[in-house]
Amino acid sequence: MQRISQQQINQQWENIEQVRRMNEVYPEPPRAFCQTFGCQQNEADTERIAGMLKEMGYEPTEEPAEASVIVVNTCAVREHAEKRVLGIIGRYTHLKETNPELTICMCGCMVQQEHITEKIKKSYPRVDIVFGTHALWRFPELLLRRLGGSKRLFEIGGSDEGEIAEGLPVLRGKGCHAWLSIMYGCNNFCSYCIVPYVRGRERSRLPEVIEQEMRELVAEGYKDITLLGQNVNSYGKDLDEPIDFSDLLARLDAIPGDYRIRFMTSHPKDASAKLFRTMANGTHISHQLHLPFQSGSDEILKRMNRKYDSAQYRALIAEAREAMPDVVLSSDIIVGFPGETEEDFLQTLRMVEDVEYDLLYTFLYSKRTGTPAATMPDSATQEEKQERFDRLLKTQERIIERRQNAYVGKTVRVLIDGTGKQPSDYPMAGRTDGGLLVLCRGNNLNIGDFVEINIEKASLRALFGTQV
Ligand code: SAH
Ligand code: SF4
Ligand code: F3S
């Protein structure tokens, strides 16, 4: 792993400056439109791209048709995500008919794959710049070259080891929520997953750099800060100084202020009692745990290369609940992994029934070229898989209904973070400390307020209540 040198970062700032000067000739600042597919890491990456664009003199816009630069940050985790990206790119390239000056960029996980880059080279001639996850920090250089008349640019950049680039700008979304990446990449190579191939090896940001950023976020008034990594529990393993994720969490929690910390994602193989204790003893740490188990069947877990079995997983959940009786639990599940039998699936259902999650993210297995699972024999039909998937959703609905209803009559602390979608009796939206959605009413509720809300009713998606 390489830390990008200050000199190389300064070079990017010079490129930023040059693009900014080119943009100054326009009577009005040109616009840039960014769109993100995929996970929170990608959201955080887009904020970096948006930050660079802003410094280069572009104003953000929500409207692709008025943009001079479009950046689509892509995801490769499932086929569906890739298809959607290609559909959208097709649409954006048509905008060049009325706006020939438009620059179209694609970046992120999907384009880190060679077969995709080849496809774009051949079939999407109007895409100007393609840059992978390892080349993100070099975006200003690529844009400057293309604006200066270079031919189309394809830049995957770096090695699988990956880099860490500090000191480039960020433009965060509005509101009181902020992402804070603590590490990049993944070393786990779950057999179905493309992420380790497109994001490189695990690499941790230095604790003092993370702490500094956290202090700035708190000082700027962010109230809800999510620490990000594909597997935050391996934080620090690659650093010289002895520090693990629990240590980092405790160190950040010591920063004074009115805020809360969440984190995503924890891999069960190295979640620990130490982590749960740190969460339970923290002042600002949300009692929210996203601990994906993927499958309840030990045989499937082995073939998924998850490195834990269902008994170990159950023991972890018990430990977490003992340390934090109010913990809000969620998980990811894959249905229809190659070779999954009805009996395997029933074990997944059993896990869901026994644990009683507050939230589940369920996915139908999607074959990813280049992963070991892609060549594993499969016997279940798509219909069988879909039927299992639907059964899982029904089971979870019953559980959520029960769990959500249990909040009625209780008072919970909520961070107001937005407005409801449509005019309603409950115009404001917020999240409990555990991350549950609450639609609220009250006198003078403002975004960024922590308030006590009495829950009056519940649906599958949200709790509804009035300020105490
Ligand atoms: N690092 C995180 C997950 C990142 S991907 C973790 O390990 O928990 C988010 C989720 O997408 C995974 O948890 C998994 O449930 C799902 N996923 C990944 N690859 C998939 C595939 N090929 N098909 C279907 N779902 C997949
Ligand atoms: Fe993918 Fe597994 Fe890494 Fe998560 S831990 S990103 S599922 S390989
Ligand atoms: Fe997708 Fe890349 Fe995230 S593949 S889920 S955007 S790490």
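Starting from 1, each residue takes its place in the sequence as its number. Read the numbers this way: they start at 1 and go in the same order the structure lists the ligands and their atoms.
Scanning the protein heavy atoms around atom 5 (S) of ligand 2, the nearest turns out to be Asn188 ND2, 3.3 Å. Shortest contact from atom 6 (C) of ligand 1 to any protein heavy atom: Thr265 CG2, 3.7 Å. The shortest contact between atom 12 (C) of ligand 1 and any protein heavy atom is with Asp332 OD2, 3.5 Å. The nearest heavy-atom contact from the protein to atom 1 (Fe) of ligand 3 is Cys75 SG, 2.3 Å. In this structure, the protein non-hydrogen atom closest to atom 7 (S) of ligand 2 is Tyr192 OH, 3.3 Å. Among all non-hydrogen protein atoms, the one lying nearest atom 4 (S) of ligand 3 is Ala76 N, 3.2 Å. Atom 5 (S) of ligand 1 has Val77 CG2, 4.0 Å as its closest protein atom, hydrogens excluded (heavy atom only). Protein heavy atom nearest atom 24 (C) of ligand 1, with residue, atom name and distance: Leu364 O, 3.4 Å.
Within a 6.0 Å radius of CD in Glu322, no more than 12 heavy atoms belonging to other residues, nucleotides or ligands are found. Around the NZ atom of Lys96, the shell of radius 6.0 Å holds more than 12 heavy atoms that belong to other residues, nucleotides or ligands. For Glu216, the CD atom sits in a packed shell: over 12 heavy atoms of surrounding residues, nucleotides or ligands are nearer than 6.0 Å.
Each of the following atoms of ligand 2 lies closer than 4.0 Å to a heavy atom of Cys186: 3 (Fe), 5 (S), 6 (S), 8 (S). Near Cys109, with a cut-off below 4.0 Å to any heavy atom, the atoms of ligand 3 are 2 (Fe), 4 (S), 6 (S), 7 (S). Ligand-side atoms of ligand 1 in range of Pro292: 8 (O), range being under 4.0 angstrom from any heavy atom. Each of the following atoms of ligand 1 lies closer than 4.0 Å to a heavy atom of Tyr365: 23 (N), 24 (C). Near Arg306, with a cut-off below 4.0 Å to any heavy atom, the atoms of ligand 2 are 2 (Fe), 7 (S). Shown in contact with Arg368 at under 4.0 Å from a heavy atom are these atoms of ligand 1, numbered in order with element: 22 (N). When each atom of ligand 3 is checked for a heavy atom of Asn42 under 4.0 Å away, the hits are 6 (S). Set against the non-hydrogen atoms of Gln230, the atoms of ligand 3 under 4.0 Å away are 7 (S). Using a 4.0 Å cut-off to heavy atoms of Cys193, the atoms of ligand 2 that qualify are 1 (Fe), 6 (S), 7 (S), 8 (S). Against a heavy-atom cut-off of under 4.0 Å, Arg78 is close to the following atoms of ligand 1: 11 (O), 16 (C), 17 (N), 23 (N), 24 (C), 25 (N), 26 (C). If you number the atoms of ligand 1 from 1 as listed, the ones under 4.0 Å from a heavy atom of Arg306 come out as 7 (O). For ligand 2, the atoms closer than 4.0 angstrom to any heavy atom of Pro196 are 8 (S). Listed by atom number, the atoms of ligand 2 under 4.0 Å from His267 heavy atoms are 5 (S).
Both the backbone and the side chain of Gln230 come within 4.0 Å of ligand 1, judged by heavy-atom distances. Proximity of Phe189 to ligand 2, defined as any heavy-atom pair under 4.0 Å, is confined to the backbone N, CA, C and O atoms. Heavy atoms from both the backbone and the side chain of Tyr192 come within less than 4.0 Å of ligand 1. Neither the backbone nor the side chain of Thr371 has a heavy atom within less than 4.0 Å of ligand 1.
The main-chain N or O of Ala67 is never found under 3.5 Å from a side-chain atom of Thr61 such that the two would form a donor-acceptor pair. Looking at Arg201, its side chain does come within 3.5 Å of a backbone N or O of Cys186 through a donor-acceptor pair. No donor-acceptor distance shorter than 3.5 angstrom exists from the side chain of Asn233 to the backbone of Lys269, with no hydrogens or angles considered. No donor-acceptor pair under 3.5 Å is formed between the side chain of Trp137 and the backbone N or O of Gln12. Judged purely by atom type and a 3.5 angstrom limit, Asp253 has no side-chain atom pairing as donor or acceptor with the backbone of Leu249. The backbone N or O of Pro372 lies less than 3.5 Å from a partner atom in the side chain of Thr375, making a donor-acceptor pair. The closest donor-acceptor contact from the side chain of Arg152 to the backbone of Lys121 lies under 3.5 Å. For the pair Arg321 (side chain) and Val355 (backbone), a donor-acceptor distance under 3.5 Å is present.
Exactly one residue among Glu384, Glu383, Arg391 makes a side chain to side chain contact (heavy atoms under 4.5 Å, CB included) with Glu387. That residue is Arg391.
For Cys190, every N, O or S atom stays at 2.8 Å or more from atom 1 (Fe) of ligand 2.
Arg199 does not count as a contact of ligand 2, since none of its heavy atoms falls under 4.0 Å from the ligand. Note on ligand 3: Gln41 sits outside its first shell, no heavy atom being nearer than 4.0 Å. At least one heavy atom of Ile334 sits under 4.0 Å from some atom of ligand 1.
Under the 30°/60° scheme for interplanar angles, the aromatic rings of Tyr357 and Phe293 are found to lie parallel. The aromatic rings of Tyr259 and His284 sit parallel, their planes meeting at an angle under 30°, below the 60° perpendicular limit.
For the atom pair Leu86 CG and Ile120 CD1, the distance stands at 6.5 Å (nearest 0.5 Å).
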Exercise for review: Quick one: do Arg431 and Leu415 satisfy side chain to side chain contact (heavy atoms under 4.5 Å, CB included)? Show the steps, please.
Suggested key: CA-CA 5 Å; Arg431 301 242 166 217; Leu415 171 63; 5.6 Å; no

**Study point:** Working for side-chain hydrogen bond (donor to acceptor under 3.5 Å, both in side chains), residues Ser310 and Asp298
**Key:** CA-CA 6 Å; Ser310 60; Asp298 290 340; 3.0 Å; yes

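When Cys39, Cys193, Cys186 are ranked by how near their heavy atoms come to atom 3 (Fe) of ligand 3, first place goes to Cys39.
Geometrically, ligand 1 and Ser366 share a nitrogen or oxygen pair separated by less than 3.5 Å. Inclusion of Gln294 in the set of residues having an N or O under 3.5 Å from an N or O of ligand 1 is warranted.
Residue Gly173 comes nearest to Glu47 through the heavy atom pair N-OE2, 3.4 Å, listed as atom of the first residue, atom of the second, then distance.
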